[in-house]
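Just so it is clear, the structure is predicted and the values come from calculations on it, not from any experiment.
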Amino acid sequence: MPPVLQHKRPTDIKKTIKRLLMYMGRHKFLLLVITILVTLSALANLLGTYMLQPIIDNYTKEPKINELWIAITVEAAIYGTGVLSTLGYSQIMVYLAQKIIYEMRRDMFHTMEKLPLSYFDVRTHGEIMSNYTNDVDAVSDAMNNAFAMLISNFIQIVGLLVLIFVLNWFLSLICVVFYIFMFSYIIYASKKSKKAFNQQQKVMATVNGFVEETLSGQKVVKVFNHENANIYQFQQENKKLKEAGYQALKYAFSMVPMVVSISYINYAIVAILGGLIALSVFPIVSISLGGIASYLVFVRQAALPINQFTQQSNLLLNGLAGAERLFKMMDEKCEIDDGEVTLVNVEMQDDKPIVVDHKSNLWAWKKPDGELVLLKGDVRFYNVDFSYTPGIKILSDLSLYAKPGHKIAFVGATGAGKTTITNLINRFYEIDGGSITYDGIDVRDIKKADLRHSLGIVLQDTHLFSGTIKENIRYGNLNATDEDIINAAKLANADGFIRRLPNGYDTMVYSDGGNLSQGQKQLLSISRAAASNCPVLILDEATSSIDTRTESLVQKGMDKLMSGRTVFVIAHRLSTIKNANAIMVLDHGKIIERGTHEDLLKKKGLYYQLHTGKIELE
């Protein structure tokens, strides 16, 4: 078995082992069974070899057929016990490893779903996916191949040393000298290869990242005829990986042949000296014929557990490094959610809202003291400051309000803070100063799940999941019936193109909607928001990817969708926001103009210049 490629070593082995043992500790009985079977397997191998001495010494000089058959039967039973024990612990270990990996993967995904968006802003998808693939595989390999084998090899090495000294102390001293040579070279080669392996991982990460970016940007690559340049760049990075891999493996792959070579030299010397001792030619100590036969088998066996111990130790360290990275992700701080206000269905009785346990068309905020506040969609910003990076303000002392049923539009250049405002309403990020209220309640006092349940969002960058058209629309409301889905699609004027698809609403969507046009994907995104039936809508460039003809159809559906709801609209096309109750013109995180379409035209400021085409949004 070739040496295993090393990853970056864990920085805190003790802590990682402790965390890993917590997972393993949930299955104490299986671990006990594995430990017993591993011990039986290792001892059977040692005892079976040791039994060669009495068999040869007792039954070769004066053959006793019956007793010889009994001895052979005992020997067979010992090895048989070893075989069955090995089969038993290997099967149980595979089950246990997969059970633990399942639990770790479950906990990791559970944590990931509760992480703030800021965590994903500073990490590539490839880096996160590496946790689910490379790191999980490293832990799985370590548990499947290293855990039980390390115990077995440790028992065999210790037992072997004890037994060879029992058989002949003089020859064993010679063996110990050679074992010291073996371990010295292993330590030397490990140190030499460690640095090279770490460099290899860095270069490999660069290569993987380049391939990932190239795959995701294939259309851009082809549009700009960048294939040859990409090939050249990949070749350069691939050469660096080849050189780093060679330097890493040069020493790693030398360990096994070096240990085997030293073992052969050791075997030859011990065989010659043992034979001389057995023949009394070299009468320093005595050893029987059976003893020398058993001893030589032990010497030949010694190299195997030492090689395996080296390889499995390497594999285990890789697994611990992978586990450490998994635990690091699990230990990331989840979204802050101290809210206690919840969203409940209510019905009006005697002009008072009453909580009901069934679906209704009326919602209310329920405070910890039981007070109910009807959900109307009144959203207000008070002197809000915000920065993605400490010290670099995106919004500064921003104040605005949206009354229930009002349509508020945001206009401004890229980076002015339009999308940031909508991200703060649903608490994708936490503000630095000021406050945001929703129906008079600070959004920080509302449970995030309930807050977001009241908001329907159509993002500029649409994302569709693998599944049917129907399932993608239902993503906005998991309780929506088929009729609700069709009505939502009709509201967004998506029903027509859906029914023209090969399987209608049951048409499968693949590769983030790769089999649909950009406009169709946007229509499905709007349908999804319609299915959520939320009192507040956030439309982030919702019609940016739709042609003019489709836009007129969608706008009619959007007007129906927005009717009676508080709506925040971000749009480059000013024609879509003429009927807004208020238009906010943003520049560098501040509102520099606000008013209706007519009011802003009269002011002849930035909005007027944008509308007349004297300047353009960037």
Side-chain angles (χ1 to χ4, degrees), residues 117 377-388 393-429 431 434-438 443 455-462 522 525-526 529 534-546 551 554-555 558-559 561-562 565-601 603 605-613 615-618:
L117 282 180
D378 187 299
V379 180
R380 298 173 186 261
F381 282 61
Y382 296 97
N383 310 111
V384 171
D385 294 328
F386 174 75
S387 57
Y388 290 105
K393 282 191 176 183
I394 302 298
L395 301 179
S396 179
D397 197 31
L398 185 137
S399 297
L400 62 88
Y401 64 88
K403 293 182 178 179
H406 277 198
K407 179 180 178 181
I408 308 299
F410 298 109
V411 177
T414 300
K418 307 183 298 295
T419 300
T420 298
I421 292 175
T422 58
N423 284 339
L424 296 180
I425 295 173
N426 49 39
R427 286 188 72 195
F428 283 159
Y429 302 91
I431 60 177
S435 64
I436 303 172
T437 64
Y438 194 160
V443 292
L455 300 167
I457 302 178
V458 179
L459 299 173
Q460 180 179 5
D461 297 324
T462 60
Q522 194 70 287
S525 182
I526 296 170
C534 297
V536 176
L537 286 175
I538 297 173
L539 309 175
D540 188 352
E541 306 284 2
T543 58
S544 62
S545 301
I546 301 175
E551 181 185 350
V554 173
Q555 198 60 49
M558 295 285 286
D559 289 339
L561 182 61
M562 293 185 289
R565 291 180 168 90
T566 304
V567 183
F568 293 92
V569 181
I570 300 172
H572 272 112
R573 295 180 184 177
L574 301 184
S575 59
T576 63
I577 57 173
K578 287 182 179 180
N579 62 345
N581 298 96
I583 298 172
M584 312 286 179
V585 183
L586 289 132
D587 184 42
H588 293 92
K590 293 184 177 181
I591 298 175
I592 58 173
E593 294 180 17
R594 69 178 79 198
T596 63
H597 173 71
E598 292 76 13
D599 292 338
L600 294 177
L601 289 180
K603 291 180 180 179
L606 179 60
Y607 183 82
Y608 173 82
Q609 293 177 312
L610 291 169
H611 183 74
T612 56
I615 62 173
E616 294 183 357
L617 288 173
E618 296 179 354

Item checked: Residues that Ile431 engages under side chain to side chain contact (heavy atoms under 4.5 Å, CB included), provided they are two or more places apart ->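 Expected list: Val384, Leu424, Ile436, Arg444.
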Checklist line | Qualifying residues under side chain to side chain contact (heavy atoms under 4.5 Å, CB included), relative to Thr596, sequence neighbours excluded | finding: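 Expected list: Glu598, Asp599.
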Got a sec, which residues hit side-chain hydrogen bond (donor to acceptor under 3.5 Å, both in side chains) with [X], two or more places apart in sequence or on another chain?
| X | result |
| --- | --- |
| Asp385 | none |
| Asp587 | none |
| Asp378 | Arg380 |
| Ser435 | none |

What residues, two or more places apart in sequence or in another chain, satisfy ring-ring contact (aromatic ring centres under 6.0 Å, His included) together with [X]?
| X | value |
| --- | --- |
| Tyr382 | none |
| Tyr438 | Trp365 |
| His597 | Tyr607, His611 |

Next item on the list: Would you mind reporting whether Val379 and Thr437 have side-chain heavy atoms less than 4.5 Å apart?
Entry: no
Item checked: Within-4.5 Å side-chain heavy-atom neighbours: Ile425 and Phe381 ->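 Answer yes - side chains close enough.
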Margin query: Using the rule given for side chain to side chain contact (heavy atoms under 4.5 Å, CB included), can you reason through Ile408 versus Val567, listing the C-alpha separation, both sets of side-chain angles and the distance that settles it, and then say yes or no?
Written below: CA-CA 6 Å; Ile408 308 299; Val567 183; over 6 Å; no
Can you name the nearest heavy-atom pair linking [X] to [Y], along with the distance?
| X | Y | result |
| --- | --- | --- |
| Gly456 | Cys534 | N-CB, 3.4 Å |
| Met584 | Leu400 | CE-CB, 4.1 Å |
| Ser525 | Val458 | OG-CG1, 3.7 Å |

Notebook entry, point to check: Which pairs pass salt bridge (Lys or Arg N to Asp or Glu O under 4.0 Å) with one or both residues in residues 412-427, sequence neighbours excluded?
Noted result: Arg427-Glu430
Check: Got a sec, which pairs hit ring-ring contact (aromatic ring centres under 6.0 Å, His included) with one end in residues 408-428, sequence neighbours left out?
Finding: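 Applying ring-ring contact (aromatic ring centres under 6.0 Å, His included) to every pair that reaches into residues 408-428, excluding sequence neighbours, yields nothing.
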Just verifying a value: how many Å separate [X] [atom1] and [Y] [atom2], rounded to the nearest 0.5 Å?
| X | Y | atom1 | atom2 | value |
| --- | --- | --- | --- | --- |
| Arg594 | Leu600 | CZ | CG | 10.5 Å |
| Ser387 | Leu395 | OG | CG | 9.5 Å |
| Ile583 | Ile591 | CD1 | CD1 | 12.5 Å |
| Phe568 | Leu539 | CZ | CG | 11.0 Å |
| Asp397 | Asn383 | CG | CG | 4.5 Å |
| Ile592 | Leu586 | CD1 | CG | 8.0 Å |

Margin query: Hydrogens and angles aside, do Tyr429 and Thr420 bring a side-chain donor and acceptor to less than 3.5 Å of each other?
Written below: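 No, because no side-chain N or O of Tyr429 sits under 3.5 Å from a partner of the opposite role on Thr420.
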Checklist line | Member of Leu537, Val569, Thr566 meeting the side-chain contact (heavy atoms from CB on, under 4.5 Å) criterion with Lys407 | finding: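 The residue from Leu537, Val569, Thr566 that satisfies side-chain contact (heavy atoms from CB on, under 4.5 Å) with Lys407 turns out to be Val569.
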Checklist line | Crowding at OH, Tyr401 (>12 non-hydrogen neighbours, <6.0 Å) | finding: no
Checklist line | Heavy atoms from other residues, nucleotides or ligands near NZ of Lys603 exceed 12 (cutoff 6.0 Å) | finding: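 Atom NZ in Lys603 is crowded, with more than 12 foreign heavy atoms closer than 6.0 Å.
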